[in-house]
Protein chains: 2
Amino acid sequence: MKIDPDSPADLSAQIAKSIRDAIVSGTLRVDERLPSETELSEQFDVSRSTVREALKRLGAQSLIRTQRGATGGAFVNKLTYQEAYGQQITTSTLLLSMNAVSFATACEARYALERACAPLSAQRRTADHLATMRAEAHRQAQPGLTDEAFCASDVAFHRALVDAADNPVLSYQLAGAVEAIEPLMNMITFTARSRETIVALHSDIADALEARDAEKTDEKLVALASYTNDLAQSVFAARQKG
Amino acid sequence: MKIDPDSPADLSAQIAKSIRDAIVSGTLRVDERLPSETELSEQFDVSRSTVREALKRLGAQSLIRTQRGATGGAFVNKLTYQEAYGQQITTSTLLLSMNAVSFATACEARYALERACAPLSAQRRTADHLATMRAEAHRQAQPGLTDEAFCASDVAFHRALVDAADNPVLSYQLAGAVEAIEPLMNMITFTARSRETIVALHSDIADALEARDAEKTDEKLVALASYTNDLAQSVFAARQKG
DNA sequence: AATTTTCATTTGTCAGACATTTAAAAGTCT
DNA sequence: AGACTTTTAAATGTCTGACAAATGAAAATT
């Protein structure tokens, strides 16, 4: 592990990269302990603060975790699905909010990906997944629900649909697509009538999954995608005028 | 922007969280300049080093960028698709390599997602995308190619397929799925015969896309998925014995 | 008016110190 | 000997103060 001493600045970035490469390439294995900050500062010939800044960078990416005390130090972190989900969602949400992605584009991506899951979900859904979906659909039918709560429940419903495919890699990849659209959906005001339509489609989807009917699930997902898109367009058009 | 002074440790994490929340919620806008490190250290009542560690964390997530000099400082960074791709790929690759994900699971996820793109790609593919796919297929037919180069070209082919859908959100979401499987594919030795089959299917896919035939594209993708999976299984089975 | 120089501001790095946490080692008592 | 307490060493977390380097704006000079 060495760095280029001629490169003028950003020593901490270079050190972070050096360690990151060692982790990604497998030179440093999961749960292996890195040298202490003092040792690293000697190895790289920099101050301890610089090493610390590098370690903070790696910690922010969940590549390492640190522990205080006598047997503490920095350890190569085993990236859990949980952590990866979180990063995926944060990044996706920011990407969409900062790049003025149209609702249509995000919606298209989301439903295309969900339709990819649907056949697997129809095959593998458990009673548990169905129960979650039914419960969320039921919640969505409550009259007093705020728009935010309605959207949050919508996300939960679709997450259950995705998780039913029983493929953690798929769930991870779709976490971003499903969650990141929530802020965009929150810009829509749902009338009682439009909620009714959506809830009905959600119930149809749950029915289709219960019957393990992949084709019908797909059909209803397409209908939901189309309806959501039309709804958004009319809402945004109305806002433009008013 | 304030933090809990009673919470004993990890001040820099608290400060990072505080600033991150301000960015995610939109309180701090894109390209807006944060207070200088000295000012932040006064606001949060911590030392400059602690503030710096917090800023490094945010920098590692591409939430801010820093610039030296008189008018420099830390600025809220507009997350580009490029940066998001990179993070997505790093995280996905690590997730797969650290969690002993089976080839079958990763493969299933990848092809499910690609099939989601295919109809859109068939509709929107440009001559450019086709040219890239043809070129990669041609490269894959070269006899002297190493397994690594073959896999890299395979990834390039599939990226072109995904990009042809002309939906940046979709491209971003799939970047991880397509790229992260490369290390797993690199564990496979491709015989001349199996390469031939794959290249033929790649050509078929390109043909189908050229003809804007979504059904045929899907059919060939399914065939490719199935063949890849079988190939991997036989390779791993043979390795187990030998 | 154009160019050069100076200067103030800000991040990047360093050195040294102390606080806090933690587990192991040493000591003490029953 | 075994159980409990105390000490100690190692590690991260934080603070202070300093200097280096970059950089744009202001001032001075031609």
Side-chain angles (χ1 to χ4, degrees), chain A residues 1-20 22-23 28 31-77, chain B residues 1-20 22-23 28 31-77:
Chain A
M1 284 204 274
K2 273 174 193 168
I3 53 171
D4 178 15
D6 297 335
S7 195
D10 263 330
L11 287 175
S12 73
Q14 288 176 55
I15 291 169
K17 179 176 183 340
S18 171
I19 299 176
R20 176 161 38 239
I23 294 174
L28 288 167
D31 289 333
E32 189 171 337
R33 193 186 150 227
L34 272 65
S36 73
E37 295 175 353
T38 309
E39 285 173 304
L40 284 172
S41 71
E42 284 162 7
Q43 282 183 30
F44 286 113
D45 198 29
V46 297
S47 72
R48 206 187 132 208
S49 354
T50 304
V51 167
R52 279 183 64 76
E53 287 176 8
L55 293 180
K56 292 305 161 202
R57 293 177 124 109
L58 299 174
Q61 296 179 303
S62 300
L63 286 170
I64 61 169
R65 62 177 189 279
T66 55
Q67 210 175 353
R68 289 172 78 168
T71 58
F75 299 83
V76 177
N77 187 44
Chain B
M1 285 203 274
K2 272 175 195 168
I3 53 174
D4 178 14
D6 297 335
S7 195
D10 264 330
L11 287 174
S12 72
Q14 289 176 54
I15 292 169
K17 180 176 183 336
S18 169
I19 299 176
R20 177 165 34 242
I23 293 175
L28 288 167
D31 290 333
E32 188 171 338
R33 184 177 164 252
L34 273 65
S36 74
E37 294 175 355
T38 309
E39 285 174 305
L40 284 172
S41 70
E42 284 163 5
Q43 283 183 27
F44 287 112
D45 196 30
V46 297
S47 73
R48 207 188 128 206
S49 2
T50 304
V51 167
R52 279 183 63 76
E53 287 177 8
L55 293 180
K56 293 306 158 198
R57 294 177 123 111
L58 299 174
Q61 296 179 303
S62 300
L63 286 171
I64 60 167
R65 59 177 191 280
T66 55
Q67 208 176 353
R68 290 170 75 169
T71 57
F75 298 84
V76 178
N77 188 43

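Keep in mind that what you see is a predicted model, and the values were worked out from it rather than measured. Letters go in sequence order (proteins before strands), and every chain restarts at 1.
The nearest whole Å value for the distance from the CG atom in B/D10 to the C1' atom in D/dT12 is 10 Å. Regarding A/R65, its CZ atom lies at a distance of 15 Å from the C1' atom of D/dA11, rounded to whole Å. Look at CD on B/E37: it is 14 Å from C1' on D/dA22, rounded to the nearest Å. Atom CD of A/E42 is separated from atom P of D/dA10 by 13 Å (rounded to the nearest Å). As a whole-Å value, the separation of B/L11 CG from D/dG13 P is 11 Å. Rounded to whole Å, the distance from CZ on A/F44 to P on C/dG12 is 19 Å.
One distance of note links CG of A/L34 with CD of A/Q43; it measures 9.0 Å at 0.5 Å rounding. Atom CD of A/Q14 and atom NZ of A/K17 lie 10.0 Å apart (nearest 0.5 Å). To the nearest 0.5 Å, atom CD1 of residue A/I15 and atom OG of residue A/S41 are 9.0 Å apart. Atom OG1 in B/T50 sits 6.0 Å away from atom CG in B/L11 (nearest 0.5 Å). Summarising the geometry, atom OG belonging to A/S36 is positioned 8.5 Å from atom CZ belonging to A/R48; distances are rounded to the nearest 0.5 Å.
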Heavy-atom protein contacts under 4.0 Å, nucleotides 3-9 of chain C, coded B base, S sugar-phosphate only, - none: -----BB

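Each of B/S47 and A/G72 has a nearest nucleotide on DNA chain D; the 5'-most of these lies closest to A/G72. Looking at which nucleotide of DNA chain C each of A/Q67 and A/A13 is closest to, the 5′-most match is held by A/A13.
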Kindly list each side-chain donor-acceptor pair under 3.5 angstrom involving residues 52-61 of chain A, sequence neighbours excluded, with atom names and distances?
| from | atom 1 | to | atom 2 | distance (Å) |
| --- | --- | --- | --- | --- |
| A/R52 | NE | B/E53 | OE2 | 2.8 |
| A/R52 | NH1 | A/E37 | OE1 | 3.3 |
| A/R52 | NH1 | A/E37 | OE2 | 2.8 |
| A/R52 | NH2 | B/E53 | OE1 | 3.2 |
| A/R52 | NH2 | B/E53 | OE2 | 3.4 |
| A/E53 | OE1 | B/R52 | NH2 | 3.1 |
| A/E53 | OE2 | B/R52 | NE | 2.8 |
| A/E53 | OE2 | B/R52 | NH2 | 3.4 |
| A/R57 | NH1 | A/S12 | OG | 2.6 |
| A/Q61 | OE1 | A/R20 | NH1 | 2.3 |

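Helix bend of the helix from C/dA1-D/dT30 to C/dT30-D/dA1: the angle between its two end axes, each built from five pairs, comes to 20° after rounding to 10°.
At a cut-off of 3.5 angstrom, counting only N and O atoms as typed in the model, there is no donor on one side facing an acceptor on the other between the side-chain of B/R68 and the base of D/dT23.
Applying the 4.0 Å criterion to OP1 and OP2 of C/dG12, one finds that B/T66 has a side-chain N or O inside that range.
Nearest heavy atoms, A/V76 versus A/L28: CG2-CB, 3.8 Å. Contact record, B/R33 with B/G73: NE-CA, 4.0 Å, taken as the closest heavy-atom pair.
Near DNA chain C, defined here as any heavy-atom distance below 4.0 Å, the residues from residues 48-61 of chain B are B/R48, B/R52, B/K56, listed numerically.
Scored by the side chain to side chain contact (heavy atoms under 4.5 Å, CB included) test, B/S62 finds B/N77, B/L79, B/E83, B/Q87 as partners (sequence neighbours excluded). Taking the salt bridge (Lys or Arg N to Asp or Glu O under 4.0 Å) definition, one finds that A/R65 meets it with A/D31, sequence neighbours left out.
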